[in-house]
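Some notes on the structure that comes next.
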Amino acid sequence: MINGAQPAVTVEDLTKRFGPLEVLKGVTLTAHDGEVIAIVGSSGSGKSTLLRCINMLEIPDGGTVSIAGEEIRLREKRGGGREPAEPAQIDRLRQKLGMVFQSFNLWSHLTVLENVIEAPVHVQGRPKAEATEEALALLDKVGLADKRNHYPSQISGGQAQRAAIARALAMRPQLMLFDEPTSSLDPELVGDVLRVIRTLAEEGRTMMLVTHEMAFAREVANRGIFLHQGRVEEEGPPAQVFGQPRSERCRQFISSQLRS
Amino acid sequence: MINGAQPAVTVEDLTKRFGPLEVLKGVTLTAHDGEVIAIVGSSGSGKSTLLRCINMLEIPDGGTVSIAGEEIRLREKRGGGREPAEPAQIDRLRQKLGMVFQSFNLWSHLTVLENVIEAPVHVQGRPKAEATEEALALLDKVGLADKRNHYPSQISGGQAQRAAIARALAMRPQLMLFDEPTSSLDPELVGDVLRVIRTLAEEGRTMMLVTHEMAFAREVANRGIFLHQGRVEEEGPPAQVFGQPRSERCRQFISSQLRS
Amino acid sequence: MDFTFLGESFLRLIGGVPLTLQLAFSSIALGLCLAILLALMMQSWFRPLGWLADGFVFVFRGTPLLVQIFLIYYGLGQFRPALDEMGIWWFFRSPYYCALLALTLNTAAYGAEIVRGGLQSVPAGQIEAARAFGMSGLTLYRRIVAPIALRQALPAYGNEVILMIKATSLVSTITLMEVTGLAHKLISETFRSFEVFFVAGAIYLAINFAVTRLIELAEHRIAPDLAQANRPAEVH
Amino acid sequence: DAQAQMRKVKVATEGAYAPWNFVNSQGKLEGFELDLGAELCKRAKLDCEFVAQDWDGIMPSLLAKKYDAIMAGMNITPKRMETINFTTAYAAGPHGLLILKSSALAKLPAGEYNLTKDLAEAEKAIAAITPQLKGKIIGVQGSTTNLAWAEKYFKGVAEIREYKTTEQHDLDLAAGRIDAAVVAHSAAQATMETATGKDMTMAPPSFSGGMLGLGVAVGIRKEDNDLKNAFDAAVKAAIADGTIKTLSIKWFKVDMTPKS
Amino acid sequence: MQAKSFLELMQWGPQGWLDEMMFATGLTLAVAIVGFLFGLLFGTLAAIAKLSGSRLAKRLADAYTTVFRGVPDLLVIYLFYFGGSAVVTAIGQFFGAQGFIGLPGFLIGTLAIGIVSGAYQSEVIRGAYLAVPPGEVEAARAFGMSGRALLWRIIGPQVLRYGLPGMGNIWQLVLKESALVAVVGLSVYLYEVRLGDLVLIYETRFSDLLRQAHVAAGSTRQPFVFYITAVAFYLVLTTASTWCFRRAETWATRGMRRV
Ligand SMILES: Nc1ncnc2c1ncn2[C@@H]1O[C@H](COP(=O)(O)OP(=O)(O)OP(=O)(O)O)[C@@H](O)[C@H]1O
Ligand SMILES: Nc1ncnc2c1ncn2[C@@H]1O[C@H](COP(=O)(O)OP(=O)(O)OP(=O)(O)O)[C@@H](O)[C@H]1O
Ligand SMILES: [Mg+2]
Ligand SMILES: [Mg+2]
């Protein structure tokens, strides 16, 4: 378990640009063990980019990211931009992170089950039999046990999303990054995912999730963050951020949702 | 405009199987001009498959599909299964259909704008200048005007979904098939899409949409359909299907949603 | 058709098959290792390595194999004193080793381009997913990149294998009597080029047919999901 | 007029066998056979045209009537006579072993042996060479009478390697990959004048006739007797009046006139 | 024959070989381009046949690939030239013509190269097609695209994207394959030579690069000069074509994400 004295993630003054477009304009946030942080914001506001910067799939142009108190070392690249100072450090830290991609990114040459055991066996070096057993339990939990031998091209959108969730969980990560994990799920399954996340939080794991479903965000999170044009516009307890936001922009965003 | 006396789509006793799995077990439904039909159901219940059968991306194993009163002719294939009796007929009918895919399927070698004008110019043979003008208006409507020269790999999930919607609308289809068109959209954009769909319906166009957002379904639809294990379990006005369903299974499904 | 003569020719030419196969398969095996190395060098962050690989591919892909064989064998033969001094004349003295060297270097250059193309076709998202799980280096290549790249590259690599089998016919210019060398000899003795070429063609065809089947088999083994999945070709 | 009455004849040559026939730097065919051919055609009152043809296709193309005669340093052999006809020989010369000056073979006793006239004597001379070649490597041009001769007498004693051209075995002889090459004296003469051949010499014994070929002659299709007769007469006349001797000295620096 | 210096040998004009080598380079390029285009045609057709649902078409295309990939190219060229000529000659004689009717070497040569390289190209195209994301093809179909539009607008550009490296290989191959065409003799170049009152027509061939090097080597007995020069000329061709292919690749992979 990550050292309790240290926050699980610290992001400080993170900036990222794509060409002329400044996507993140200085984001600072901290997540402690067992915390669930829900990030909302309009489309294109930089939510995915933020998550991708945390595990260095995108190298931020400025600012720092620390995982369990260990700062990821970057260095200036000749010709502008930065690059990892020590790729091995990133690989090591990534083993503590799990990620569910917005577009799933399941490995197309592996079956659902193989997708789930791939990283535990070949990155963490766990015995295959053990990993398989755990994977089957996870697939069962997300209701995919009967699809375990299907290839990603043979399952439905919601099934792919659940496979991606199971794949990330199988790593038993200390910090989970969820990019819209329930976008393709029906209400029942959303409830299931909610329960899974709660269990994980109780085990002391940290989660950051991007979502568009305010109800879900409010239920699942300890803290809410509203990202607007690359900046943290509002941050606080869910009841505040998703209920009575102080910022005008956030209020407008929240109020536009349809109520059922 | 499609002949008013004929329903825009008629699906009769549609069945489809993937290997041993019977995904659709006899679906019958009709949509008239200007109708908006919302299809809900749990993940894997066959919603996408149903939409894909309507435009023959999947060839149904049994049953018939008619577009504007014209039945799509299929014939038995040697070795089992069926195949189009006359591919040209399908190509012709497809020009009246638009589709937004669950996984967007934007053409990766074309920019957002090129994606939108592609089919109008190269399928419908409209002049490029005219198509471009219309495309820009559409992109503006979905808030993507500034991303028009980006490639699909350079835009966010929600932006890709909006591009896919604009691409389908650019065909000015009589019948639109939306497969979870708002899954990656924030509440504000969901409202925008809602307005677009209403305008289209007022113009007399027909829409079938799959969604997991009950609030959205209730707002947008004239009729609701609850699909369960490949069968139409409940069908009726939105207030009934998404409010007080008669079927036990549907009630359970609806009630599981989180309320905000 | 004179079947007795065809039979006789067959018996003569089949004597060259072991040499043909030996040269083809050893050069393909060695060449593939070198090709992978070159492709990785091309993608490496350290640019000089990339330039080196590019230069190698440029020269060996850019010139005819026949000339390469010729220059390695006859050309280096001119520098015997220097090679003697380095203690490697024993290698270059032998036409077999020279042929093997030329074939290996040649197929490595072509192979490198094929491997590079395969690596580029791996969807970025799938690599990212692997990275996000802490996969890197060899594991990433072995488990994710290579299998996906292989499926893309296999048809093109199949081409290369067959090309190499046929390319061995050029080694008769440096006195190695494989199938084509024997065929030419037989023609010069009998002047029946049609029959002899027919038999030689049939022998090559048989070898290559077997190789094609093996590659197809490999394709099915490596890409079972492609075989099962609804390929676009079947979408109507 | 008379010019119009002359029969048109196409003569093929290889264009890559200096000094018999070769292409000069102006792209023109040149050499002993070109000069001789012009003379022969003048005498035979033929309207001749020379074409270049690769050695490998030279016989099939004659049979396919692509041309009517071959003058390409081609020796008369019984095997070739099964397929085509030859005129009287227009050149003949001895053959022997091309070796390095330092070789032990250089010290053999000199002698000219004719395999047609006195086979026993010739074979005695060959037997004297044989022990010196034990375990050695002999190079020889493929598809030649030299090869047949070498295989008959030295197979099993020495390793015989077949080359496409004479200059290739010259190169290997110079590099020390082979110990001797079986060649015609005329060709060896040309080699020894080049840089490659400066350390080479012919082994003293020389051989001619018999299986080494009954001389170089014009090759003609079997049924084309008119042409054979015309060339026969012309060759005999050219031998008789010393034309061949003159041309031979010009190109080979030795007299290659066949001795009857 | 005295050994000449490199510069003497490589002069332009009647004294040197540079002009011949340049012409040969041009011819090599011409044969290669035409042969490659024929190959593209045959290869595309075969790939379409292989991917089509029709089992018969697939069998035929498979047989085509197997045979023309499997048999040495020289054999195919021989077959075309002598076989084709024999047929034409027979037809000619039937109509009263006499002697051998040669088929134009250029056409036969490039056709043969086209047939052979088409067999390879079909495999590259097929492989590239299979790499195209199925969803994107579906999307096009769903919008009513089919046949030519689908091929040109969606599949073609993406096949290009995945297939260009393989095609680059085949192009290099074809560039060198043109050497084989020398066997059947390329286009004819006539020289008139007067010997007194006799007019002789000398025929030589515009040789491709490799054969020209071979001829010049045989004529001057200085093989390395010419083989190394040939290598240099080939590398010039390669540089130019590599540059073109790289440019094309950059263009074809636009919008594609790299990791
Ligand atoms: N190519 C295929 N091969 C085998 N099974 C398939 C294939 N495509 C879909 N299926 C199965 O068919 C069932 C229905 O799939 P479909 O995509 O229609 O579901 P859906 O209702 O759209 O679900 P979701 O809400 O998750 O998108 C699923 O169980 C899926 O696993
Ligand atoms: N590779 C890229 N090149 C250029 N622009 C990019 C690239 N990737 C992302 N962007 C831009 O950066 C912005 C932020 O993208 P990001 O994916 O972080 O948005 P998001 O908040 O996750 O939105 P969504 O809710 O739609 O997923 C978008 O405007 C997008 O167009
Ligand atoms: Mg996103
Ligand atoms: Mg679906």
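A, B, ... follow the sequence lines: proteins, then strands. Residue 1 opens every chain.
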- Item | R247(E) atom CZ, neighbour heavy-atom count above 12 within 6.0 Å | no
Side-chain contact test, heavy atoms from C-beta onward, threshold under 4.5 Å: evaluate it for I162(C) versus Y120(E) and give yes or no. yes
| Counting only heavy atoms not in F56(C), do more than 12 sit closer than 6.0 Å to its CZ atom? | yes
Is a donor from one side chain sitting under 3.5 angstrom from an acceptor on the other, for R61(C) and N169(E)? yes
- prompt: Hey, are the side chains of Q120(C) and E249(E) touching, using non-hydrogen atoms and a 4.5 Å cut-off?
  reply: yes
Okay, S241(E) and chain C: the region with an atom under 4.5 Å from a heavy atom over there is neither
In short, T66(E) meets L205(C) closest at the heavy-atom pair O-CD1, 3.4 Å
- Task: Determine, for E160(C) against R69(E), whether the closest basic-nitrogen to carboxylate-oxygen distance falls under 4.0 angstrom.
- Result: no
Applying a strict 4.5 Å limit to non-hydrogen atoms, the region of I155(E) in contact with chain C is neither
Ranking L163(C), V67(C), L65(C) by heavy-atom pairs under 4.5 Å to chain E gives rank one to L163(C)
The interface call for A128(E) against chain C, heavy-atom contacts under 4.5 Å, is backbone
Applying a strict 4.5 Å limit to non-hydrogen atoms, the region of F245(E) in contact with chain C is neither
Taking CZ in R213(C) as the centre, count heavy atoms belonging to other residues, nucleotides or ligands within less than 6.0 Å. Is the count above 12? yes
Rounding to 0.5 Å, atoms CG (L235(E)) and CZ (F58(C)) come to a distance of 4.5 Å
**OP:** Kindly indicate, with the supporting measurements, whether the criterion side-chain contact (heavy atoms from CB on, under 4.5 Å) is fulfilled by L71(C) and I228(E).
**Re:** CA-CA 8 Å; L71(C) 288 180; I228(E) 286 174; 4.2 Å; yes
Okay, L66(C) and chain E: the region with an atom under 4.5 Å from a heavy atom over there is side chain
Most heavy-atom pairs under 4.5 Å with chain E, out of Y110(C), Y204(C), F197(C), belong to Y110(C)
Cut-off 4.5 Å, heavy atoms of chain E, and the answer for Y74(C) is both
